[in-house]
Protein chains: 2
Amino acid sequence: MKLKATDIGQMASASEVIFEALREAIAQGDVKEGEALRQDHIARMFNVSRIPVREALTRLEEQGLVSTQRYRGAVVARLSIDEIREIFEFRALLEPEILRYSVARMTDDALEKARRFARAFATETDGARWGDLNRSFHYALYEEAGRPYYLQTISTALDRVDRYLRAQLVLTAGMDRARREHQGILDACIARDAALAARLTRDHILGACDSLLDFLDRQRAGETRHGDVDAGDTGTGDTAMRDMAGGHMGKGTR
Amino acid sequence: MKLKATDIGQMASASEVIFEALREAIAQGDVKEGEALRQDHIARMFNVSRIPVREALTRLEEQGLVSTQRYRGAVVARLSIDEIREIFEFRALLEPEILRYSVARMTDDALEKARRFARAFATETDGARWGDLNRSFHYALYEEAGRPYYLQTISTALDRVDRYLRAQLVLTAGMDRARREHQGILDACIARDAALAARLTRDHILGACDSLLDFLDRQRAGETRHGDVDAGDTGTGDTAMRDMAGGHMGKGTR
DNA sequence: CATCTATTTTTTGGATCCAATTTGCAATAT
DNA sequence: ATATTGCAAATTGGATCCAAAAAATAGATG
């Protein structure tokens with residue numbers, strides 16, 4: 001597990017910092033699915049007690065990012081192919097809709113902001129940043145809709161499939177298509193063609209879903225053939241679990 | 001505040017019991033919006049410490065049912081007119097869609113189950129039960145879709161507006177229309193007409209929204225005129241806060 | 001040697017205790 | 001009389017401690 005110290009604005013509570021760090025780590029795929037999240041372990045990484053860690057884990061479970069069993073702890077939730085497909089269909093319903101609201105109200109500033117993110121996404125060479133830039137681009141378009149509930153729901157849904165999406169982006173040559181599709185969506189928004197922008201967004205999401213499921217089918221078939229990672233992997237191994245948010249908070253050794 | 005001891009299946013943890021009780025109480029409108037939820041107070045009602053209460057409140061906040069401020073505690077979230085409208089539009093997008101999936105796969109058993117709930121809703125005289133029966137009817141139709149993520153998202157959205165919906169059902173003569181519309185949706189499902197069922201569901205939700213917003217406009221206008229409940233009401237008054245889940249769990253006076 | 005059982009070790013859920021912060025109220029100054 | 005400052009009570013966030021449950025380990029038995 002590897003956590004970067006997400007800079008929360010105005011010195012938030014410990015549990016909030018931990019929550020954001022874990023959420024980011026799970027979305028990034030820095031902690032693998034099925035890996036156990038030990039309260040005590042995480043607590044020591046942040047130099048806090050288990051209490052704020054438990055609050056963070058509770059929130060993560062409520063969002064579906066981890067699953068917990070009583071007295072057995074939390075593990076990063078593993079989504080089945082069906083669950084992944086359902087969430088993509090869900091996004092393919094919501095995101096075109098919010099974009100439809102947005103296009104009519106979009107200012108030139110908002111369009112310029114989206115254009116910058118599209119460009120940053122297209123020119124970024126570090127694969128680890130593609131996920132964030134992809135999000136930023138779409139959110140820039142969606143924010144203008146003035147539909148905070150839609151946006152929050154979309155964000156939660158995207159969180160759950162983000163690490164799959166990022167893995168697929170990095171491993172296959174899907175980036176070229178993503179770049180082209182982003183440009184198409186952006187052009188439609190500039191032309192104020194809400195219907196077209198919505199249709200392209202829907203195709204963008206469903207196309208990514210198809211290519212992701214293809215990739216996962218092959219990967220998971222390989223896994224079970226090799227007997228590599230079984231369903232109930234407890235993930236005892238400390239894989240990539242050093243170099244945490246090294247001893248941040250806390251005013252000393254308690 | 002008034003909480004009924006929601007019977008959780010297999011002896012869940014304390015925090016889960018408290019979470020369900022509070023969620024139900026908020027949805028039912030037994031705790032009013034803006035009312036403060038004191039950790040210590042709730043803890044004593046259930047004969048537990050504040051720890052499981054805090055977990056329950058954390059989960060409720062994650063679902064948007066309460067809002068908290070650091071060191072200031074949690075209050076039942078008050079939704080603005082715009083927020084309520086947005087959530088209804090959200091439901092009006094999702095529920096027809098999940099019903100479309102469902103109609104094709106619906107067994108006679110499922111239809112019979114929905115029919116029974118529609119009947120129970122139509123004949124129920126106790127206004128306090130209308131909310132639950134309404135939910136049961138719609139969920140019976142939606143379950144067959146095999147879309148758990150859609151269903152959970154819909155449920156969360158409905159939770160947030162449920163108390164407004166229930167209040168409106170009880171106070172106005174919207175019940176007759178609801179009965180008729182339920183029957184129409186059910187008939188369309190029996191006829192396997194997915195498009196019609198979806199359209200009727202959308203109208204059902206948007207119609208309820210209109211009548212609810214009408215009702216709320218009048219009510220809130222009245223409130224501010226009377227200076228009755230101000231925006232930032234701390235709700236110190238113990239209104240309806242006895243007769244809680246009286247001294248349930250816990251193995252004695254600690 | 002495999003298998004079952006008893007015991008130790010981990011780990012979680014919850015209780016109690018403490019510190020940080022806010023809020024209510026009284027005394028004081030303007 | 002009103003605004004301001006200085007406590008005291010109430011309340012939350014977090015630490016530490018304890019009990020219950022599960023996993024790991026060792027020992028007994030066939």
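Basis for what follows: all heavy atoms, side chains included, without hydrogens, waters or symmetry-related copies. Chain A is the first sequence line, chain B the second, and so forth, proteins listed ahead of strands; every chain is numbered from 1.
Note: CD (B:E16) to P (C:dT12) measures 17 Å, nearest angstrom. In this structure, B:D40 atom CG and C:dA15 atom C1' are separated by 13 Å, rounded to whole Å. In this structure, the CZ atom of A:F46 is 17 Å from the C1' atom of D:dG13, given to the nearest Å. As a whole-Å value, the separation of B:Y71 OH from C:dT22 P is 8 Å. Atom CZ in A:R70 sits roughly 9 Å away from atom C1' in C:dT12 (whole-Å rounding). Atom C1' of nucleotide D:dT16 and atom CD of A:Q39 are separated by 15 Å, given to the nearest angstrom. The CD1 atom of B:I18 sits 11 Å away from the C1' atom of C:dG14 (whole-angstrom rounding). We find that CD of B:Q69 is positioned 16 Å from P of D:dT11, with the value rounded to whole Å.
Residues from residues 51-65 of chain A placing a heavy atom under 4.0 Å of any atom in DNA chain D, listed by number, are A:I51, A:P52.
Residues A:L213 and A:I84 form a side-chain contact, since some pair of their non-hydrogen atoms from C-beta on lies under 4.5 Å apart.
Formation of a donor-acceptor pair under 3.5 Å by the B:Y164 side chain with backbone atoms of B:L79 is found in this model. Of the possible donor and acceptor atoms, none in the side chain of B:E24 sits under 3.5 Å from a partner among the backbone N and O of B:A21. Using modelled atom types, no side-chain atom of B:Q39 and backbone atom of B:V53 make a donor-acceptor pair closer than 3.5 Å. Side-chain atoms of A:S102 come within 3.5 Å of backbone atoms of A:L141 as a donor-acceptor pair (strictly under, hydrogens ignored).
Residues meeting the side-chain contact (heavy atoms from CB on, under 4.5 Å) test with B:E124, sequence neighbours left out: B:D126, B:R129, B:W130, B:L133.
At least one test fails for B:R85 against the ring of B:F88: distance under 6.0 Å to the centre or angle within 45° of the axis.
Nucleotides of DNA chain D nearest to A:R72 and A:S15 differ in position, and the one nearer the 5' end is that of A:S15.
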Enumerate the protein-to-nucleotides 6-8 of chain C contacts in which both atoms are nitrogen or oxygen and the separation is below 3.5 Å.
none

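Contact annotation: side chain of A:R50 to base of C:dG13, donor-acceptor pair present below 3.5 Å.
Here the side chain of A:S49 is nearest to one of D:dT16, D:dT11, C:dT11, namely D:dT16.
Put simply, CZ on B:R54 and CZ on B:R59 are 16.0 Å apart, with the number rounded to the nearest 0.5 Å.
Here the two rings, on A:Y149 and B:F90, have centers that are under 6.0 Å apart.
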